[in-house]
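Beneath this line is the structure, given in structure tokens, with notes to follow.
These numbers were taken from a predicted model, which means no experiment stands behind them.
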Amino acid sequence: MEEEPPIYRLPHDTLHQIFSSLPLRQIILCRSLSKFFLHLLSAPSFLHLLSISHPPLHLHLLALRHRHTPHTSHTSHTSLSLFDPDHNTWLHFPLDFLPFHSPLPVASSHGLLYLWAQPKPKPNANPSQPDTTATKSLIACNPLTRTFRVLPHLGSAWSRHGAVLVDADHRVMVLTELAALYCHRTPKWLKFSSNLPSKPRSPLLINHSAFALCDVGSPWRSQWKLFSCNVAATPSPSWSRLERHEWGDVFDVLKRPRLVRGHGNRILMVGGLKSSFALNAPCSTILVLRLDLDKLEWDEAARMPLEMFRAFRESTKFKVFGGGDRVCFSAKRIGKLALWDRCAAEGEQWRWIDNLPGNGDGLYRGFVFEGRLNAVP
């Protein structure tokens, strides 16, 4: 029988004192060493020690959403994959503390992770035939403290078709052609019609306002416009087109535009830069535009270097995710992510992220995860 490592026999209080001197990202790495370290470094007594012996501990990471397909939608995922741009490393947060089946992370804000999940199957159930009728719940959790809370129940259609948006006040919106708004100060959802002209694309929730792109064009030619909604308005918020004459043709220069939350009170709009206004004009690169919501003025934030764009040129579509001054780009068969990183120590830079979880040949989606030990679900 293999002998137990000597460190396992040390008093937990002593180990807590030793590990509390490490940076937060090193503590996360140590959690993945074994079940012993996972439980040791997740214990409430250790987390309390960190909270009183350290300044507020934050991690700014890029999280990947699981790429569920019709054949894998019931696979039980047990960890959240995150990339640390500052140290060019991957981290993995176990989700096994959740008493749910097949958790699907979809959003995050100020230390809390939001995910859809199903109740775990009954003990006598056949694991190869999961219960497809089980209704998914929306859950808020802190993977650092391994605590969670189930949000008020929503129907199954919301989990299948809704985009989950969260703001700094942990106000949650689930948006489809209809919309449901949940404020953490009241234990219920406020439902209202979206009155949008088309399905909202890449919606965002910023400072009590929601934003989304909608196609107001024809079946033959897309025409994208920006819509906004004051979610604090009662009793029934409504959407309206946000535009200025000074913006000119800002929405016409991009092919397949997407919105990403920018730094502060700003929105990023990302898409292929059209070489002309012709119907099927090719793109010359990927452009990042920035809207200042205080001044309602656009400017150019960045454009992808041509040598990097060559990898995306043959892709019919690409995905964009991130936030602030870090944006990731994903496309099929590339096997890596492109990253625009304005926070880099060396100044603004474009670089590749390698060693993606899985086979790396698909479209990856994700969001920014700001880990906080003091975030309470």
Side-chain angles (χ1 to χ4, degrees), residues 25 28 31-32 38 42 58-69 72-85 90-120 130 134-151 154 156 158-168 170-175 182 184 202-205 260-261 319-324 326-328 330 337 353 356-358 360 362-373 375-377:
R25 57 178 44 86
I28 299 303
R31 278 183 175 182
S32 63
L38 174 60
S42 302
H58 297 172
L59 280 173
H60 295 269
L61 307 169
L62 293 166
L64 292 185
R65 291 180 56 176
H66 299 306
R67 294 186 296 118
H68 281 191
T69 69
T72 62
S73 59
H74 299 289
T75 301
S76 180
H77 296 278
T78 58
S79 66
L80 176 67
S81 298
L82 306 106
F83 181 74
D84 183 350
W90 286 94
L91 301 174
H92 302 280
F93 287 0
L95 299 176
D96 55 354
F97 64 94
L98 296 171
F100 299 94
H101 178 72
S102 194
L104 176 63
V106 290
S108 177
S109 179
H110 284 63
L112 294 186
L113 174 68
Y114 294 81
L115 48 87
W116 294 107
Q118 290 179 331
K120 283 193 173 181
T135 301
K136 290 184 178 180
S137 299
L138 187 59
I139 301 161
C141 72
N142 186 339
L144 293 179
T145 60
R146 297 169 67 82
T147 55
F148 70 93
R149 175 172 60 93
V150 181
L151 275 64
L154 276 173
S156 58
W158 296 100
S159 64
R160 290 197 301 268
H161 307 294
V164 178
L165 320 177
V166 191
D167 67 8
H170 300 301
R171 182 181 283 105
V172 182
M173 173 184 278
V174 183
L175 181 63
Y182 169 72
H184 70 286
S202 55
L204 305 172
L205 190 58
V260 178
R261 181 166 185 163
K319 296 297 180 183
V320 180
F321 65 91
R326 284 171 170 156
V327 180
C328 278
S330 165
L337 300 176
I353 298 177
L356 298 182
L363 282 169
Y364 285 83
R365 299 167 175 83
F367 49 89
V368 172
F369 176 75
E370 181 186 355
R372 297 187 177 197
L373 281 171
V376 179

What are the two closest non-hydrogen atoms of [X] and [Y], and how far apart are they?
| X | Y | result |
| --- | --- | --- |
| F367 | R65 | CE2-CG, 3.7 Å |
| V174 | G162 | CG1-CA, 3.9 Å |
| R326 | H60 | NH1-O, 4.3 Å |
| A140 | P377 | O-CB, 3.5 Å |
| P105 | L113 | CB-CD1, 3.9 Å |
| L64 | P357 | CD1-CD, 3.7 Å |

Is the shortest heavy-atom distance from the side chain of [X] to the side chain of [Y] under 4.5 Å?
| X | Y | value |
| --- | --- | --- |
| L337 | L62 | no |
| W116 | V164 | yes |
| R31 | P94 | no |

Working to the nearest 0.5 Å, report the span between [atom1] of [X] and [atom2] of [Y].
| X | Y | atom1 | atom2 | value |
| --- | --- | --- | --- | --- |
| F93 | S79 | CZ | OG | 10.5 Å |
| S330 | L356 | OG | CG | 8.0 Å |
| L204 | D167 | CG | CG | 11.5 Å |
| C141 | R146 | SG | CZ | 10.0 Å |
| F369 | L61 | CZ | CG | 7.0 Å |
| K136 | L138 | NZ | CG | 11.0 Å |

Check your understanding: In a check of side-chain contact (heavy atoms from CB on, under 4.5 Å) between L115 and each of S102, P103, S137, which one passes?
Key ->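 Testing each of S102, P103, S137 against L115, the sole residue satisfying side-chain contact (heavy atoms from CB on, under 4.5 Å) is P103.
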
Review point. Would you call the rings of F97 and F148 parallel, tilted or perpendicular if under 30° counts as parallel and over 60° as perpendicular?
Key: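 The rings of F97 and F148 sit tilted, inter-plane angle from 30° to 60°.
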
Check your understanding: Should the ring pair H170 and H110 be called parallel, tilted or perpendicular, given that the plane angle runs from 0 to 90° and is split at 30 and 60?
Key ->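 Taking H110 first and then H170, their aromatic rings stand perpendicular (interplane angle over 60°).
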
